Structures are given as C-alpha cells and as structure tokens.
S.K.: 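Handing you a structure now.
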Protein chains: 2
Amino acid sequence: MAEGPNSAGGGENLLFLTDEQIRKGIEAMFFAYRGFTADPDRILASHGYGRAHHRALHFINRTHGTTVNNLLSVLGVTKQSLNRVLRTLIEDGLVESRVGRTDRRERNLYLTTEGASLERALSEAQRDRMRAAYRAAGPQAVAGFRQVLEAMMDDEIRAHYKTIKERRT
Amino acid sequence: MAEGPNSAGGGENLLFLTDEQIRKGIEAMFFAYRGFTADPDRILASHGYGRAHHRALHFINRTHGTTVNNLLSVLGVTKQSLNRVLRTLIEDGLVESRVGRTDRRERNLYLTTEGASLERALSEAQRDRMRAAYRAAGPQAVAGFRQVLEAMMDDEIRAHYKTIKERRT
DNA sequence: TTGGAATGTCAACAAGGCTGACATAAAATG
DNA sequence: CATTTTATGTCAGCCTTGTTGACATTCCAA
C-alpha cells in the first residue's frame with residue numbers, strides 16, 4: 001500500500017494529519033497567540049501592569065468572590081507569584097479582599113469599580129480582535145476552532161474550562 | 001427590532017458573536033496555549049533551557065542559514081534578548097553561526113546534529129499533542145481552527161506566516 | 001574617505017515565574 | 001482540649017527572558 005506515515009489506523013481518514021499540516025498549525029498557534037495578547041498588553045503597559053495582572057483581573061471578574069486557592073489552580077502558578085500580583089492590585093484599589101464568611105481563613109476576591117473598569121477595557125480590546133477574527137472566519141470555522149482548542153487542553157484544565165463554560169451569568 | 005448588541009450590519013448572520021461566545025473563546029485560547037507548550041516545556045526544563053530556546057531552534061530549523069535580523073523580525077524580540085539565547089545555544093554546540101559570505105556582518109545560523117536532535121524531540125512532543133487534538137476534532141474543525149488563528153494574527157506577522165506556509169521543503 | 005546602516009556585545013534593570021522557610025489564624029480531628 | 005491540617009501571607013533568593021543604553025565592528029554608499 002505504501003501510504004506514508006499517517007496511514008495508521010482506526011478506519012478513519014487521517015490523511016489530513018501530515019507533519020507539514022501540523023507544523024503549520026503549531027506556527028499558527030504561536031503567531032496567533034501573539035496577536036491575541038498584543039492589544040491588552042499595550043493597555044497594561046500604560047498602567048504599569050503585566051499579563052499576570054490581566055489574568056487575575058479576568059478570573060476575579062468571571063467568578064466574583066473566588067478564593068485565592070481557587071485562583072491558584074485556575075492560573076496554574078504558585079501562591080507567591082500570585083500574591084505579588086494580587087498585592088499590587090489590592091494596594092492600587094482595583095481588587096478587594098474580604099475575609100470569608102463561612103471559613104474565615106479564606107479570602108474572597110472582588111473587583112472594585114476601578115478594577116472592573118480596567119478589566120472591561122482589557123477584555124474589550126481582546127474581544128474586538130477575537131470578534132474580527134470570528135467574523136472573518138465565519139460560524140462554522142469558529143465551532144471548529146473551539147473544538148480543536150478544547151482538545152488541546154490538559155485534562156485537569158479542561159475541567160476548569162468546562163466549569164466556566166456551563167456557568168450562566 | 002431590539003436585536004441586541006450584535007445586530008450591526010452587513011446582511012450576514014452575526015448573532016453567533018455574543019460577548020459570551022467570545023469570552024469563552026478567549027479562555028479557550030488561554031487554556032489551550034498552556035497545553036500547547038506544556039510538553040516541550042518539560043523537555044526544555046530537563047536541559048536547562050526555556051521557551052525562548054525552543055523558538056530559536058524551531059525557526060533556525062525551518063529556514064536553514066537564516067540571519068539574526070531575520071530571526072528577530074519573526075520572533076519579535078530585541079536583538080539583545082535573542083543574542084543571549086543564541087549565545088548559549090552556540091556555546092552548547094546546538095547552533096552554528098557562520099559569518100556571511102556576501103556580507104560579513106551577517107551571521108548565518110544552522111543547527112548542528114545535536115541541535116537538530118533536540119529540535120526534533122521538542123517538535124515531536126508538540127506535534128503529538130496537536131495531532132491528538134486534530135484527530136479528536138476532525139478535518140473540518142481543523143480547517144476552521146486554522147482560519148480563525150490566521151485571522152487573529154497581526155498583519156505584519158501574517159505575512160511571515162504565509163511565507164512559511166507557501167514554502168515547499 | 002567618511003558617515004550611516006547593520007550587526008553584535010556588554011551592562012543594568014524589571015517582570016514574573018520558581019523554591020524554601022516561616023508565621024498566623026482558623027478549621028478539623030483525635 | 002490538644003494537635004494537626006488547611007488557607008493565606010510574606011521574606012529571601014534564584015532563573016528566564018524581556019527591556020534600554022552604550023559602544024565596537026563591518027560594510028556600503030555618497
């Protein structure tokens with residue numbers, strides 16, 4: 001038969017999975033991620049913040065009152081690293097940290113009015129680009145985009161993502 | 001009509017572009033990129049290298065004999081930053097830097113046997129995950145994935161990407 | 001031949017990861 | 001009630017990888 005390296009199994013058509021195709025996908029991912037972060041990065045820089053601050057603001061905004069531990073597992077960083085970022089956000093009055101009601105060891109995190117305002121500016125910039133890309137590619141492409149991205153996540157992380165996915169706000 | 005915030009024009013159906021959809025896409029991008037880099041990161045760490053080394057190896061491998069300037073514009077970093085990475089790779093015998101024949105200010109970069117070997121290990125790990133994701137999502141999803149990613153790049157970067165795309169090896 | 005562009009190097013600094021050690025308070029458990 | 005575990009914060013030190021600025025070298029073109 002001599003079908004080449006991608007003829008292995010399952011009865012499905014896997015000929016589209018050439019190394020060349022996949023290599024292009026890798027580079028597309030690399031270049032697209034740069035575009036994806038470019039706009040918020042500019043805003044952040046003008047405020048003296050970095051991407052780490054953006055991520056914290058984003059996830060605090062998405063799940064109001066989340067705990068530090070929760071945030072750690074979503075962001076996948078150490079508490080020391082997150083703490084440095086949180087401390088500056090709290091000092092600058094963008095984030096409020098309240099002692100937990102049921103468990104007073106916990107800290108529940110909320111955006112202040114000012115924090116919500118910066119978060120909105122950042123996510124609007126990012127959404128604008130994403131919206132333009134979606135629009136250019138069309139609904140069917142977007143569905144495929146999401147499918148591939150979801151399949152690319154680590155299992156544990158996919159659980160986080162799905163939690164977010166099912167939430168109704 | 002009261003169609004909501006996404007009813008603006010063009011005659012196309014843009015109702016799928018809800019802020020909620022787009023927010024999910026943003027988070028998918030964030031989580032997927034982590035998965036995308038996780039496997040090579042582990043290999044790199046065991047060699048005492050970081051992502052910057054991976055990127056350099058990748059693009060030197062793709063365009064043998066590329067110059068430093070060329071690499072700079074693809075990677076989007078300063079020459080000082082790239083130089084530090086290149087220096088360690090050269091010192092460790094993974095990359096060879098030859099003085100340009102026509103212009104002796106230029107340095108043409110090549111992977112050594114050892115460098116090519118590490119590059120292969122890194123890209124194989126990354127391709128394995130990408131292949132699994134592609135396989136799980138199917139050919140149509142992959143096409144959509146690539147369309148959206150391409151639309152998300154900066155214009156200048158898209159030019160780089162397309163150059164790569166059209167190359168026949 | 002001289003000035004400017006391209007290239008590379010050195011030094012210093014910052015962001016944001018990491019580990020390790022330690023403190024505190026509160027909850028859970030014996 | 002005593003002890004252990006959990007959640008959080010903090011200090012110190014290290015690494016990678018980005019940044020600027022200053023400066024040397026090389027080449028090309030006016």
Side-chain angles (χ1 to χ4, degrees), chain A residues 30 33-34 37-38 40-60 65-92 95-110, chain B residues 30 33-34 37-38 40-60 65-92 95-109 122:
Chain A
F30 169 64
Y33 199 78
R34 280 238 299 269
T37 55
D41 279 356
R42 272 186 283 274
I43 299 175
L44 288 160
S46 76
H47 289 248
Y49 294 131
R51 259 180 226 178
H53 300 86
H54 185 186
R55 293 196 282 265
L57 290 173
H58 175 98
F59 284 107
I60 293 170
T66 187
T67 64
V68 173
N69 243 359
N70 216 309
L71 211 48
L72 285 183
S73 68
V74 173
L75 295 175
V77 295
T78 60
K79 65 172 179 173
Q80 293 92 329
S81 198
L82 175 59
N83 193 258
R84 176 172 33 202
V85 168
L86 275 184
R87 192 168 45 217
T88 70
L89 290 175
I90 291 168
E91 279 169 5
D92 295 354
V95 168
E96 194 191 342
S97 164
R98 297 184 208 151
V99 172
R101 315 113 294 145
T102 63
D103 186 337
R104 288 177 31 188
R105 290 170 304 180
E106 293 182 344
R107 297 291 179 273
N108 296 114
L109 302 170
Y110 302 88
Chain B
F30 170 63
Y33 199 79
R34 280 240 297 271
T37 55
D41 279 354
R42 271 186 285 273
I43 298 174
L44 288 160
S46 76
H47 288 248
Y49 294 131
R51 258 179 227 179
H53 300 86
H54 185 186
R55 293 196 281 266
L57 289 174
H58 175 98
F59 285 107
I60 293 172
T66 186
T67 64
V68 172
N69 238 4
N70 215 309
L71 212 47
L72 284 181
S73 68
V74 173
L75 295 175
V77 296
T78 59
K79 63 177 176 170
Q80 294 91 331
S81 196
L82 174 60
N83 192 260
R84 175 172 33 202
V85 167
L86 276 183
R87 191 167 48 219
T88 72
L89 290 174
I90 292 167
E91 280 169 5
D92 295 353
V95 168
E96 194 191 342
S97 163
R98 298 185 207 151
V99 172
R101 314 113 295 149
T102 63
D103 187 336
R104 287 179 29 189
R105 290 170 301 180
E106 292 183 345
R107 298 290 181 272
N108 296 113
L109 303 169
L122 292 168

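Bear in mind that the values here come from a model prediction, so they are computed numbers and not experimental data. Letters go in sequence order (proteins before strands), and every chain restarts at 1.
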S.K.: To the nearest 0.5 Å, what is the distance between CG on A:L72 and NZ on A:K79?
M.R.: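 Here the rounded value is 9.0 Å.
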S.K.: Extract from the structure each pairing of a protein N or O with an N or O of nucleotides 23-27 of chain C at less than 3.5 Å, listing the distance.
M.R.:
unit_1, atom_1, unit_2, atom_2, d
C:dA26, OP1, A:R104, NH2, 2.7
C:dA27, OP1, A:T102, O, 3.3
C:dA27, OP1, A:R104, N, 3.1

S.K.: On a heavy-atom basis, which atom in B:V68 and which in B:L82 lie closest, and how many Å separate them?
M.R.: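 Heavy-atom minimum between the residues: O-CD2, 4.0 Å.
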S.K.: Go through the structure and list residues passing salt bridge (Lys or Arg N to Asp or Glu O under 4.0 Å) with A:R104, not counting sequence neighbours.
M.R.: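 Salt bridge (Lys or Arg N to Asp or Glu O under 4.0 Å) list for A:R104, sorted by chain: empty.
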S.K.: Between the protein and nucleotides 10-14 of chain C, which nitrogen or oxygen pairs are less than 3.5 angstrom apart?
M.R.:
unit_1, atom_1, unit_2, atom_2, d
C:dC10, OP2, B:R87, NH1, 3.2

S.K.: My understanding is that only residues two or more places apart in sequence, or in another chain, count here; which of them pass side chain to side chain donor-acceptor pair (under 3.5 Å) with A:Q80?
M.R.: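 By the side chain to side chain donor-acceptor pair (under 3.5 Å) rule, A:Q80 matches no residue at all.
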S.K.: Under 3.5 Å, side chain of B:H53 to main-chain N/O of B:G50, donor-acceptor pair present?
M.R.: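 Present.
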S.K.: Calculate the interatomic distance between A:L72 atom CG and D:dT6 atom C1'; express it in whole Å.
M.R.: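 Roughly 13 Å, once rounded to whole Å.
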S.K.: When the distance from CG of B:L75 to P of D:dT19 is rounded to whole Å, what number comes out?
M.R.: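 In whole Å, D:dT19 P lies 11 Å from B:L75 CG.
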S.K.: In this structure, how many angstroms lie between the P atom of C:dT9 and the CZ atom of B:R107, rounded?
M.R.: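 The distance from CZ of B:R107 to P of C:dT9 comes to 7 Å, rounded to the nearest Å.
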S.K.: Which is true for A:T67 with a 4.0 Å heavy-atom rule: it touches a base, it touches only sugar-phosphate, or it touches nothing?
M.R.: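 Since only primed, P, OP1 and OP2 atoms lie under 4.0 Å of A:T67, the category is sugar-phosphate.
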S.K.: Once rounded to the nearest 0.5 Å, what's the spacing between atom OG1 of B:T102 and atom CG of B:N108?
M.R.: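 So the OG1 of B:T102 and the CG of B:N108 are separated by 7.5 Å.
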S.K.: Quickly work out the B:E106 CD to D:dT25 C1' distance and round it to whole Å.
M.R.: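 One finds 14 Å between C1' of D:dT25 and CD of B:E106, rounded.
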S.K.: Looking only at heavy atoms, which two atoms of B:D103 and B:R105 are closest? And how far apart?
M.R.: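 It is OD2-NH2, 2.7 Å.
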S.K.: By a strict heavy-atom criterion of less than 4.0 Å, which residues belonging to residues 46-58 of chain B are in contact with DNA chain D?
M.R.: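 Heavy-atom contacts with DNA chain D come from B:G48, B:G50, B:R51, B:A52, B:H53, B:R55.
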S.K.: In whole angstroms, how far is the C1' atom of C:dA6 from the CG atom of B:L71?
M.R.: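 After rounding, the gap between these two atoms is 16 Å.
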S.K.: With no hydrogens and no angle check, is any side-chain donor or acceptor of A:R98 less than 3.5 Å from a backbone partner on A:E96?
M.R.: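 Judged by distance alone, no pair lies under 3.5 Å.
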S.K.: In whole angstrom, give the distance that lies between atom CG of A:L82 and atom P of D:dT8.
M.R.: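 It is 10 Å, rounded to the nearest whole Å.
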S.K.: Any side-chain N or O of B:T78 under 4.0 Å from OP1/OP2 of D:dT19?
M.R.: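 True: B:T78 side-chain N/O within range (under 4.0 Å) of D:dT19 OP1/OP2.
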S.K.: Could you give the CG-to-P distance, from A:L86 to C:dG16, as a whole number of Å?
M.R.: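 The distance from CG of A:L86 to P of C:dG16 comes to 13 Å, rounded to the nearest Å.
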S.K.: Would you confirm whether B:S81, through its side chain, and B:T78, through its main-chain N or O, come within 3.5 Å as a donor-acceptor pair?
M.R.: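 No, B:S81 side chain to B:T78 backbone: no donor-acceptor pair under 3.5 Å.
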S.K.: Under the salt bridge (charged side-chain N to carboxylate O under 4.0 Å, His left out) definition, can you give me all pairs with a residue in residues 44-56 of chain B, not counting sequence neighbours?
M.R.: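 For residues 44-56 of chain B: B:D41-B:R51.
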S.K.: Working to the nearest 0.5 angstrom, can you tell me the gap between A:I60 CD1 and A:L109 CG?
M.R.: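 Spacing of CD1 (A:I60) from CG (A:L109) equals 5.0 Å.
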S.K.: Is there a side-chain contact between A:N69 and the phosphate of D:dT6, meaning an N or O under 4.0 Å from OP1 or OP2?
M.R.: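 No, A:N69 has no side-chain N/O under 4.0 Å of OP1/OP2 on D:dT6.
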